[in-house]
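Data first, discussion second: the structure below is written as structure tokens.
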Amino acid sequence: MSNTEPSESLITTDVETGSNEQTATPDRTAVAARDLNVFYGDEQAIDDVSMEIPEKRVTALIGPSGCGKSTFLRCINRMNDMIEICRVEGEVEFGGKNVYDADVDPVALRRKIGMVFQKPNPFPKSIRDNVAYGLKIQGYDGDIDERVEESLKGAALWDEVKDQLDSSGLELSGGQQQRLCIARAIAADPEVILMDEPTSALDPVAASKIEDLIDDLAEEYTVIIVTHNMQQAARISDRTAVFLTGGRLVEYDDTTKIFEDPEEQRVEDYITGKFG
Ligand SMILES: Nc1ncnc2c1ncn2[C@@H]1O[C@H](COP(=O)(O)OP(=O)(O)OP(=O)(O)O)[C@@H](O)[C@H]1O
């Protein structure tokens, strides 16, 4: 939330030299979870999680299967609203507001906080309409073709599809379909893009293109990504949050710190493959 003071832990200073000649710009917080608890019926999936996620950075959520990463991600844009037995307590602050406040429109929220899923899910429509569909529904009054082009460029797909915009999105390869879904999210002009294991259904070459794209996206958007692939988290993220069983956030820090010198033995054990 841009009107919130950045937390001290996110302020980068040159500790070694104490130099303040190059004053680093402190990261601003894009999304903050506060005392978040999530239940499916009687079962608790997220246990009292608080964390501030910096703007225009890549934040990775890692941890063993079932530890609540996807649940946490889905809380951020209220995708869990779709799950009847799911109950959320606590707050997720975005844009200076708790997204769970009664006056927040979840549809508008999801335009600002887009989502990309594990399996690419383009609509059975043309490439153009996949990107334009949301704009049309929204009653966008700008130049739709221009926006389609910009979004496809932003998703590093334009050069590959510019001559076939009227072909079905389903005819694209898996990696291209995933980039089309990213273009669809970008078209809505989001601030945050949530990604739930966006490369796990792709071959290594397609996955690597998405990783490069994520790096570019972070220049403009806040990216929050769930990944099972620790090398991927280490390669692409600035911050890493480690969740362990029971939906507890065990450690959250700069990615290099998490991977090179974690505070918690449990985190080191997880990262070195001793469990999970
Ligand atoms: N729709 C649902 N209904 C009931 N329980 C659910 C639902 N979704 C998740 N859970 C439970 O909540 C807990 C956390 O699941 P979640 O999918 O968030 O974990 P995860 O860390 O993303 O797992 P994975 O890495 O396997 O995708 C698990 O115990 C899971 O069984």
Side-chain angles (χ1 to χ4, degrees), residues 31-51 53 58-92 94 99-100 106 109-110 113-121 174 178 181-182 185 192-202 204 207 210-211 214 222-237 239-253 255 258-259 262 264 266-276:
V31 172
R34 302 199 198 290
D35 307 320
L36 196 70
N37 289 283
V38 184
F39 303 84
Y40 294 104
D42 293 336
E43 198 160 321
Q44 186 155 13
I46 290 292
D47 187 354
D48 205 25
V49 167
S50 296
M51 67 186 281
I53 296 173
V58 179
T59 296
L61 313 179
I62 65 170
S65 194
C67 68
K69 305 175 296 290
S70 298
T71 297
F72 179 80
L73 195 74
R74 291 195 303 258
C75 281
I76 297 173
N77 70 347
R78 289 185 50 177
M79 289 296 279
N80 286 329
D81 286 14
M82 321 266 182
I83 303 171
E84 216 172 297
I85 58 167
C86 185
R87 180 164 54 87
V88 177
E89 291 174 358
E91 292 189 359
V92 175
F94 168 69
V99 303
Y100 288 93
L109 176 72
R110 290 178 204 131
I113 306 183
M115 190 152 191
V116 175
F117 298 88
Q118 177 173 8
K119 214 164 156 273
N121 59 347
Q178 195 60 304
C181 294
I182 292 171
V192 179
I193 302 177
L194 309 177
M195 298 186 168
D196 198 348
E197 298 188 49
T199 65
S200 62
L202 305 179
I210 301 273
E211 286 190 9
I214 289 171
T222 300
V223 179
I224 308 173
I225 176 172
V226 167
T227 178
H228 267 118
N229 179 332
M230 280 188 271
Q231 286 80 13
Q232 179 173 73
R235 274 194 300 272
I236 67 174
S237 71
R239 304 273 295 172
T240 296
V242 186
F243 287 76
L244 293 179
T245 316
R248 279 184 292 276
L249 174 61
V250 176
E251 195 164 341
Y252 173 46
D253 212 325
T255 295
I258 293 285
F259 282 91
E264 293 268 341
R266 290 175 293 172
V267 170
E268 183 165 337
D269 289 348
Y270 174 66
I271 282 175
T272 54
K274 290 202 178 119
F275 72 94

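Given the structure is predicted, the values throughout are model-derived calculations rather than measurements. Order of appearance sets the numbers: ligands from 1, and atoms from 1 within every ligand.
Side chain of Lys69 to main chain of Pro64: a donor-acceptor pair is present (N/O by atom type, distance under 3.5 Å, no hydrogens or angles).
With sequence neighbours left out, Gln118 forms a side chain to side chain donor-acceptor pair (under 3.5 Å) with Ser200. With sequence neighbours excluded, no residue satisfies side chain to side chain donor-acceptor pair (under 3.5 Å) with Thr222. The side chain to side chain donor-acceptor pair (under 3.5 Å) search around Asp196 returns Ser70, not counting sequence neighbours.
Asn37 is listed as a side-chain neighbour of Gln44, based on a closest heavy-atom distance under 4.5 Å.
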Quick one: do Arg110 and Arg78 satisfy side-chain contact (heavy atoms from CB on, under 4.5 Å)? Show the steps, please.
CA-CA 8 Å; Arg110 290 178 204 131; Arg78 289 185 50 177; 4.0 Å; yes

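Within 4.0 Å of ligand 1, protein heavy atoms belong to Tyr40, Glu43, Ala45, Pro64, Ser65, Gly66, Cys67, Gly68, Lys69, Ser70, Thr71, Arg74, Ile83, Ile85, Glu197, His228, listed by chain and number.
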